[in-house]
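Notes to accompany the following structure.
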Amino acid sequence: MALLRRQRGMTQEELSEVLNVSRQSVSRWEMDVAFPETDKLIRLSKLFDCSIDFLLKNDYQVDQKKSTELSVKDCCRFIHECGYFFLATSVDDQPRLRPFGMIHANDQSLFIATDKRKSVYTDLQKNPRVELASISSDIRRWIRIYGRVEVESSLQIREEMMDVYSNLRQAYRNGDEMYLVIFRLLIDDISIA
């Protein structure tokens with residue numbers, strides 16, 4: 001249910017207001033600790049445009065076809081709600097996994113930011129193949145995004161990221177912005193499990 005809620009761009013609080021229940025009720029439903037009452041299931045079915053049976057399945061998985069239909073904004077929203085993601089790189093046949101927090105999306109692409117002085121920048125220059133992964137503890141689902149990165153030079157994207165992450169603007173002022181680098185992620189595949 002949480003994935004359906006996120007695909008609609010709703011928070012647990014917003015869904016709870018629509019259904020006139022507590023946010024904790026929505027959270028319990030999403031963790032499979034409790035089930036909605038029949039009248040709530042009917043309303044959820046209409047809201048999410050799916051069958052009641054689909055809502056009640058404890059083990060439903062988003063199939064590969066549906067996960068590739070997710071927009072980059074859906075992916076970004078999912079990762080934002082998780083709070084962080086991991087970036088996996090590989091250089092000289094050595095895997096490297098790093099926690100990341102800054103991700104942004106426009107209508108076409110995902111973007112991540114780092115510092116040219118960090119080793120991840122050097123790694124991405126040597127081998128642009130990456131995997132991003134994030135897990136939602138609320139719904140116990142992973143998102144994995146596979147692809148490659150390229151440096152993004154758009155000033156508009158830089159400004160958008162600095163607006164979303166005010167700590168970037170604070171960290172990269174007084175000439176230090178030359179160290180900020182933004183990568184565009186060219187997505188090959190998305191999977192949700």
Test item: Ser16 side-chain N/O and Glu13 main-chain N/O as donor-acceptor pair under 3.5 Å: yes
Closest non-hydrogen atom pair, Cys82 against Ile135: SG-O, 3.2 Å
N-O pairing of Asp107 and Lys73 below 4.0 Å: yes
Lys116, NZ atom: more than 12 neighbouring heavy atoms under 6.0 Å: yes
Check against side-chain contact (heavy atoms from CB on, under 4.5 Å), Arg148 and Val130: CA-CA 5 Å; Arg148 63 184 174 81; Val130 297; 5.9 Å; no
Pairwise distance CD1(Ile103) to CD1(Ile112) - rounded to 0.5 angstrom: 7.0 Å
Closest approach of Arg96 to Val91 (non-hydrogen atoms, all atoms of both residues): NH1-CB, 4.3 Å
Tyr172-Met178 co-clustered via ILVMFWY side chain contacts under 4.5 Å: yes
Derivation of the side-chain contact (heavy atoms from CB on, under 4.5 Å) call for Glu14 and Thr11: CA-CA 5 Å; Glu14 290 167 336; Thr11 64; 3.3 Å; yes
Pairwise distance CD1(Ile79) to CD1(Ile143) - rounded to 0.5 angstrom: 5.5 Å
Hphob cluster co-occupancy, Leu185 + Phe86, side-chain heavy atoms under 4.5 angstrom: no
Full working for salt bridge (charged side-chain N to carboxylate O under 4.0 Å, His left out) between Asp163 and Arg169: CA-CA 8 Å; Asp163 288 343; Arg169 195 173 301 283; 2.9 Å; yes
Nearest-0.5 Å distance that lies between atom CZ in Phe111 and atom OG in Ser154: 7.0 Å
Taking every non-hydrogen atom, the tightest pair across Tyr121 and Asp115: CB-O, 3.5 Å
Approximate separation, where rounding is to 0.5 Å, of Glu131 CD and Arg144 CZ: 5.5 Å
Sub-4.5 Å side-chain heavy-atom contact between Val151 and Ile182: no
From SG (Cys75) to CD1 (Ile187), nearest 0.5 Å: 5.5 Å
Closest contact, heavy atoms only, Arg184 versus Ser109: NH1-OG, 2.5 Å
Among Glu160, Glu152, Arg158, the one residue meeting side chain to side chain donor-acceptor pair (under 3.5 Å) with Gln156: Glu160
Co-membership, hydrophobic cluster, residues Tyr84 and Ile192, 4.5 Å side-chain: no
Separation of Arg43 CZ from Glu37 CD (nearest 0.5 Å): 11.0 Å
Residue pair Phe78, His80: steps toward the side-chain contact (heavy atoms from CB on, under 4.5 Å) verdict: CA-CA 6 Å; Phe78 183 95; His80 275 277; over 6 Å; no
Nearest atoms (heavy-atom pairs only) where Met10 meets Glu81: O-OE2, 4.3 Å
Worked check of salt bridge (charged side-chain N to carboxylate O under 4.0 Å, His left out) between Arg129 and Asp123: CA-CA 10 Å; Arg129 303 292 308 159; Asp123 291 352; over 6 Å; no
Test item: Arg77 side-chain N/O and Val72 main-chain N/O as donor-acceptor pair under 3.5 Å: no
Leu132 and Tyr146, any side-chain heavy atoms less than 4.5 Å apart: no
Within 6.0 angstrom of Asp39 CG, more than 12 heavy atoms from elsewhere: yes
Distance under 6.0 Å and angle within 45° of ring axis: Arg117 vs Tyr179: yes
Residue pair Leu168, Leu180: steps toward the side-chain contact (heavy atoms from CB on, under 4.5 Å) verdict: CA-CA 8 Å; Leu168 281 178; Leu180 174 64; 3.9 Å; yes
4.5 Å side-chain heavy-atom contact, Leu186 and Glu150: yes
Donor-acceptor pair between Thr122 and Ser119 side chains, under 3.5 angstrom: no
Asn167 atom CG, neighbour heavy-atom count above 12 within 6.0 Å: yes
Single-linkage hydrophobic cluster, 4.5 Å side-chain cutoff, Val21 and Val18 together: yes
Closest non-hydrogen atom pair, Leu19 against Lys40: O-CE, 3.3 Å
Single-linkage hydrophobic cluster Phe85~Trp142, side-chain heavy atoms < 4.5 angstrom: no
Side chains of Phe100 and Met102 in contact at under 4.5 Å (non-hydrogen atoms): no
